Number of protein chains: 2
Amino acid sequence: MKTALTLEALQVIDAIERKGSFAAAATVLHRVPSALSYTVQKLEQDLGVTLFRKEGRRAVLTTAGRHLVERGRQLLQAADTLAADTRQIATGWEPQLRIAIDTAVALGDVLPAIAALYDQQPAIEVTLTTEVLGGTWEALLEDRVDLVVGGIEEMPRHKGLRCEPWQTIRHVFVAAPGHPVCQAPQPLTQDTIKAHRAVIIRDTSRNNAPLSRGILNPQQFIEVPDMAAKVEAQRQGLGVGYVPLASVTQAITSGALVELSVEEQRAPETTFLGWRSTYRGRALSFLIDTLRLPEAHAG
Amino acid sequence: MKTALTLEALQVIDAIERKGSFAAAATVLHRVPSALSYTVQKLEQDLGVTLFRKEGRRAVLTTAGRHLVERGRQLLQAADTLAADTRQIATGWEPQLRIAIDTAVALGDVLPAIAALYDQQPAIEVTLTTEVLGGTWEALLEDRVDLVVGGIEEMPRHKGLRCEPWQTIRHVFVAAPGHPVCQAPQPLTQDTIKAHRAVIIRDTSRNNAPLSRGILNPQQFIEVPDMAAKVEAQRQGLGVGYVPLASVTQAITSGALVELSVEEQRAPETTFLGWRSTYRGRALSFLIDTLRLPEAHAG
DNA sequence: CTAATCCTTTCAATTATTTTGATTAATGAA
DNA sequence: TTCATTAATCAAAATAATTGAAAGGATTAG
């Protein structure tokens, strides 16, 4: 499988197409027309395809030639990007960083760190995704992301992965003010809670066994895709459940939701940062360091 | 913007990575180790990046080098594909063909032609999409497809596009057997029809003014995405409307839908084939010829 | 510990490829 | 017709790639 193509030949036919003639292309490429003629003939021979036919005194692309030029430009573009990315990696800064944020994390706790990263390295491409429960770790295991922010529970043991505690999240039990559970005597017992429909977040992970999250089974429930949907569902009285305090402080002060005390207080939950230990670029290191420091580690 | 990369250098580092050493790679490449050493050093110099560092007596990729190899393989793959596609185009057969089929067309009328094409040219990649009303022509105009099958109404005049009549479709007015419209005296008048909710297909085209399709405005309607959904909606009694006879013959014989006669019979509709006249490859020509001939031009 | 083996690199000589510049032939414009 | 412009051709010159021998480390076997 030898590749007849060369990037240099693609550049040549690209220039010819853009400038409209061998002569003009030779000028911009700082070469002499016969050199281009040579390159094109060699390419045509290697490929076994006629790329230009003479029409009057100028050469014009054949259908195959046009296809080669158009796709070839994408190839050249990709080659340039690859070269640039490689150079950037050599400086220690990765060209892009993929981050999975657990839906329980307040985005406002993460964005300042990313802003600081942009200050350091404006060219870096950051991709954020939000995941639920096991979804963050799964994304890391499958190498779909480089960093997990706010992963719940200790990460699955796996060599090549590292994690460390990050924030502590306090969960509160809330319901809409008109919801029948508000009539029950507080602190609520487990039995009282189980008598009402729960709003739970559907685990985005598919392969790993879903983490059953504080919901005892016989309870009725409605599944929603993320934390914002859960809060909204509870506001509308569709169900009840625990949510991170930070995600509902406004709703509580405005009266849209009320916090209810419960008998068995749910323990504050530790969330984690996780990444691959095999290679840590400067952007990843910077982001981890930034996330470690300034947070008040909101309870 | 000169590209320091060459595909040949990418092949060299790929072979080194796969075989684990310069010496082994040299063997498979039918060259001498020092030649590879030379190529790699030139690449490192052009790129300004160290790709290999010596570890013991063998050379091992740096982080940047690993990135270059991994992405480089995709580039090599793309280059090979491009070369192969170019060669295939030179034979007159395009490497792939994109076809938009109007949702009113019975797929069974089109698939035999595609099967025949596969017989001729097994390597060709065929992509089918179904579109609604203006959607087929829009896809052709925007160069998202190479062939429109069953486009409704004359194609928008546009230079570089060609179309010709294909099938004639007879539409019948149907409703679920329990639907109130079945109690009305036949043939149905326009006023009777307008008194019931219509099921209409949402136009997939965005830019062009949507074709208003036989629905006089004050009528209630429900919009559905395609013909299959329309038939299903009418089966379930959600509404009434005209559908191509071919799409409901089974439903009528089984009694799931009943055909109702109407006062102003809807004229049989001509559907069209459309393509770009600028370049017609052999696969496209073959398919057009095949579609032209064998159909009974179902009414 | 020593010798043998494997590996990569270096270097000068050789070989292959690419570029050049002059020339030709063909085309279209004045 | 004449002039300017274009691409193709060709031999010579310039450049680049390949080779093989030799050197220098680093494991491995004995």
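Side-chain atoms are counted along with the backbone in the values below, which use heavy atoms only and exclude waters and symmetry mates. Keep in mind that this is a model prediction, so the values were computed, not measured. In what follows, chains are A, B, ... by sequence order, proteins preceding strands, each numbered from 1.
Looking at which nucleotide of DNA chain C each of A/Lys54 and A/Arg31 is closest to, the 5′-most match is held by A/Arg31.
At distances below 3.5 Å, not a single donor-acceptor pair connects side-chain atoms of A/Ser37 with backbone N or O atoms of A/Pro33. Judged purely by atom type and a 3.5 angstrom limit, B/Thr27 uses its side chain to pair as donor or acceptor with the backbone of B/Ala23. Judged by distance alone, the side chain of A/Ser277 and the main-chain N or O of A/Gly160 form a donor-acceptor pair under 3.5 Å. Using modelled atom types, no side-chain atom of A/Trp166 and backbone atom of A/Arg292 make a donor-acceptor pair closer than 3.5 Å.
Note that CD of B/Glu125 is 9.5 Å distant from CD of B/Gln88, once rounded to the nearest 0.5 Å. Separating the CZ atom in B/Arg71 from the OG1 atom in A/Thr81 is a distance of 9.0 Å, to the nearest 0.5 Å. Of the inter-residue distances, the one linking A/Gln41 atom CD with A/Asp46 atom CG reads 11.5 Å to the nearest 0.5 angstrom.
Using a 4.5 Å cut-off on side-chain heavy atoms (C-beta onward), B/Thr6 and B/Leu43 make no contact.
Of the listed residues (B/Asp146, B/Thr127, B/Thr129), just one forms a side-chain hydrogen bond (donor to acceptor under 3.5 Å, both in side chains) with B/Arg98, and that residue is B/Asp146.
Reading DNA chain C from its 5' end, the first and the last nucleotide to sit under 4.0 Å from a heavy atom of chain A are C/dT17 to C/dG28.
Nucleic acid contact class of B/Ala23 (heavy atoms, under 4.0 Å, all strands): sugar-phosphate only. Residue A/Tyr38 is in base contact, counting any heavy-atom pair closer than 4.0 Å across all strands shown.
Atom pair A/Leu36:CG and D/dT9:P shows a separation of 15 Å (rounding to whole Å applied). Going from atom NZ of B/Lys42 over to atom C1' of D/dT18 covers 13 Å, rounded to whole Å. In this structure, A/Leu51 atom CG and D/dA7 atom C1' are separated by 15 Å, rounded to whole Å. Between the NE2 atom of A/His30 and the P atom of D/dA14 there is a distance of 21 Å, rounded to whole Å.
Contact annotation: A/Ser37 reaches the phosphate of D/dA8 (side-chain N/O to OP1 or OP2, under 4.0 Å).
If you check D/dT6, D/dG20, D/dT9 against the side chain of A/Ser21, the one that comes closest is D/dT6.
Of the residues in residues 56-67 of chain B, those with a non-hydrogen atom less than 4.0 angstrom from any atom of DNA chain C are B/Arg57.
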